[in-house]
Amino acid sequence: MKIALLSRNPKLYSTSRLVEAAIEKGHEVQVIDILKCYMNITSNKPGLHYDGDNLTGFDAVIPRIGASVTFYGTAVLRQFEMMGVYPINESVAITRSRDKLRSLQLLARKGIGLPITGFANSPDDIPDLIKMVGGAPLVIKLLEGTQGIGVVLAETKKAAESVIEAFMGLNANIMVQEYIKEAGGADIRCLVIGKKVVAAMKRQAQEGEFRSNLHRGGSASLVKITPEERKTAVRAASIMGLNVAGVDILRSENGPLVMEVNSSPGLRGIEEATGKDVAGMIIDEIQKNAKPHKTRTKGKG
Ligand code: ADP
Ligand code: MG
């Protein structure tokens with residue numbers, strides 16, 4: 001197969017591991033910087049150009065689109081889809097997963113356990129919003145934040161009010177969420193491929209921090225997950241329409257609560273913590289499914 005790997009930097013661990021795994025399994029792979037792609041969106045002959053060349057002949061595409069380039073990145077991916085190239089994750093599913101509120105609404109509709117979450121537009125509604133999620137302490141999140149940036153723990157009602165007011169004053173979209181204290185600064189990252197959790201790790205926040213993101217100094221270790229956690233992770237990925245996903249779960253008194261579903265999960269932490277060849281399993285999944293014109297949603301939301 002000829003595989004396109006959409007990534008801005010071939011030196012990143014995840015990118016280089018995917019390239020390595022694809023070559024090992026006998027495929028041809030080209031790393032493509034999405035920002036250097038330009039496209040022709042003509043009806044009958046959609047085309048994609050790169051550095052003066054026509055990009056053709058690809059069987060599959062692996063999107064690794066950074067949060068800061070979601071808009072252009074998904075447009076490029078859509079172009080691949082129009083050309084009949086099989087995407088391991090579809091553009092529509094990636095767009096969904098990048099909006100935390102939209103994701104939670106989709107998951108809630110299907111009965112997935114979530115932390116109680118509120119959203120409001122007007123500062124007048126702040127007191128009721130805080131009450132709705134059970135009062136302080138509570139977590140305030142920017143809708144499009146990532147790697148723990150834009151996630152704040154407000155310990156008191158006063159602190160919560162001022163932080164929410166400040167974000168609203170900046171016209172930032174935020175949601176307000178019940179703080180799951182019993183998770184103890186830890187969460188479980190489940191790496192889902194297809195209909196299976198292929199690897200799972202526990203991430204523990206460093207001392208004095210509640211965010212477990214590895215980018216925020218969290219540490220990863222191997223963890224055994226329960227059947228309920230396994231089922232929740234697989235269902236969450238499937239509801240989002242993602243074939244490859246990192247599903248983050250908080251262990252609460254009321255069972256597993258899904259915090260978010262990532263469409264470009266980092267491979268370093270999970271491969272190092274579990275010793276598993278996750279990149280190889282992603283390539284296997286492509287081998288299993290890649291057929292021309294297999295994008296399921298056909299551009300629908
Ligand atoms: P990001 O997309 O920036 O990673 P998350 O929603 O995943 O944002 O939050 C970052 C981290 O903060 C999580 O990994 C988790 O450790 C902690 N966290 C987030 N929401 C809650 C919550 N409601 N209760 C307890 N901890 C939380
Ligand atoms: Mg996260």
Side-chain angles (χ1 to χ4, degrees), residues 14 65-68 70 94-108 112-119 129-130 132-155 159-160 163-164 167 172-192 200-221 223 225 229 232-233 236-237 240 242 244-270 273:
S14 303
I65 297 168
S68 60
T70 302
I94 294 173
T95 309
R96 268 184 212 129
S97 75
R98 288 289 155 84
D99 178 338
K100 285 176 199 269
L101 184 66
R102 182 177 178 190
S103 307
L104 293 186
Q105 285 175 321
L106 282 168
L107 297 171
I112 295 281
L114 306 168
I116 300 169
T117 304
F119 180 71
L129 190 67
I130 293 177
M132 206 168 75
V133 301
L138 54 78
V139 177
I140 300 155
K141 296 186 190 183
L142 281 173
L143 285 199
E144 289 181 1
T146 181
Q147 302 183 341
I149 298 163
V151 179
V152 182
L153 175 62
E155 310 258 10
V163 176
I164 297 171
F167 275 134
N173 281 320
I174 50 155
M175 64 192 194
V176 177
Q177 198 166 67
E178 158 194 25
Y179 175 51
I180 309 300
K181 190 163 187 284
E182 63 268 29
D187 71 350
I188 312 289
R189 158 63 60 96
C190 298
L191 207 300
V192 178
M201 65 174 166
K202 179 173 172 176
R203 298 180 301 187
Q204 180 69 53
Q206 59 178 310
E207 193 67 28
E209 172 62 75
F210 81 105
R211 298 166 299 177
S212 62
N213 303 66
L214 302 184
H215 286 98
R216 304 268 74 77
S219 56
S221 60
V223 71
I225 57 170
E229 287 165 347
T232 303
M240 300 299 295
L242 292 166
V244 172
V247 181
D248 294 344
I249 287 178
L250 288 168
R251 286 183 162 164
S252 84
E253 283 160 354
N254 306 313
L257 302 178
V258 171
M259 209 168 24
E260 67 169 343
V261 183
N262 293 280
S263 56
S264 290
L267 300 186
R268 173 174 259 156
I270 195 98

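In listed order, ligands and their atoms are each counted from 1. Fair warning: this is a prediction, and the values are worked out from it, not measured in the lab.
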Self-check item: Nearest-contact summary for atom 12 (O) of ligand 1 - protein heavy atom, Å
Solution: R211 CG, 3.4 Å
Quiz item: Donor-acceptor pair, T117 side chain versus E178 backbone, under 3.5 Å?
Solution: no
Quiz item: Between OG of S252 and NZ of K181, what distance do you get to the nearest 0.5 Å?
Solution: 14.5 Å
Exercise. Using a strict cut-off of 4.0 Å, indicate which atoms of ligand 1 neighbour a heavy atom of D187.
Key: 14 (O)
Self-check item: Per-residue contact class, Q147 against ligand 1 - non-hydrogen pairs under 4.0 Å
Solution: backbone
Quiz prompt | Contact (N/O only, under 3.5 Å) between K141 and ligand 1 | solution = yes
Quiz item: Is ligand 1 less than 4.0 angstrom away from at least one heavy atom of G148?
Solution: yes
Quiz item: Does K100 come within less than 4.0 angstrom of ligand 1, counting non-hydrogen atoms of the residue?
Solution: yes
Practice problem: Would you mind reporting whether L257 and I180 have side-chain heavy atoms less than 4.5 Å apart? | Solution: yes
Exercise. Give a yes or no answer on whether the side chain of Q206 reaches the backbone of S219 with a donor-acceptor pair at less than 3.5 Å.
Key: no
Quiz item: In ligand 1, which numbered atoms sit nearer than 4.0 Å to a non-hydrogen atom of Y179?
Solution: 24 (N), 25 (C)
Quiz item: Short N/O distance, under 3.5 Å, between E260 and ligand 1?
Solution: yes
Quiz prompt | Straight-line distance of C190 SG to I249 CD1, nearest 0.5 Å | solution = 4.0 Å
Exercise. Could you see which bit of N262 sits under 4.0 Å from ligand 1, with heavy atoms only: side chain, backbone, both or neither?
Key: neither
Quiz item: Under the 3.5 angstrom rule, does the side chain of Q147 hit a backbone N or O of I149 as a donor-acceptor pair?
Solution: no
Self-check item: Reference residue E260; test salt bridge (charged side-chain N to carboxylate O under 4.0 Å, His left out); the match among K100, K141, R189, R102
Solution: K100
Quiz item: Could you state the interatomic distance from CE (M240) to CG (L107), rounded to the nearest 0.5 Å?
Solution: 6.0 Å
Quiz item: For ligand 1, is there an N or O atom under 3.5 Å from any N or O atom of D248?
Solution: no
Quiz item: Which is it for M259 and ligand 1 at heavy atoms under 4.0 Å: side chain, backbone, both or neither?
Solution: side chain
Practice problem: Write out the residue and atom name of the closest protein heavy atom to atom 17 (C) of ligand 1, then the distance separating them to 0.1 Å. | Solution: F210 O, 3.8 Å
Quiz prompt | Under-4.0 Å heavy-atom contact with ligand 1, by part of E178 that carries it | solution = backbone
Exercise. Please test R203 against D248 for salt bridge (Lys or Arg N to Asp or Glu O under 4.0 Å), starting from the C-alpha separation and ending with a verdict.
Key: CA-CA 10 Å; R203 298 180 301 187; D248 294 344; 3.1 Å; yes
Quiz item: What part of V151, side chain, backbone, both or neither, has a heavy atom within less than 4.0 angstrom of ligand 1?
Solution: side chain
Quiz item: atom 11 (C) of ligand 1: which protein heavy atom is closest, and how many Å away?
Solution: N213 OD1, 3.3 Å
Quiz item: Would you call R251 and E182 a salt bridge, using N to O less than 4.0 angstrom?
Solution: no
Practice problem: Looking at E260, pick out the N, O or S atom nearest to the Mg ion (ligand 2) and give its name. | Solution: OE2
Practice problem: Around atom 24 (N) of ligand 1, find the nearest protein heavy atom and jot down its residue, atom name and distance. | Solution: I180 N, 2.9 Å
Exercise. Say whether, by atom type as modelled, one donor and one acceptor occur between the side chain of D99 and the main chain of L101 under 3.5 angstrom.
Key: yes
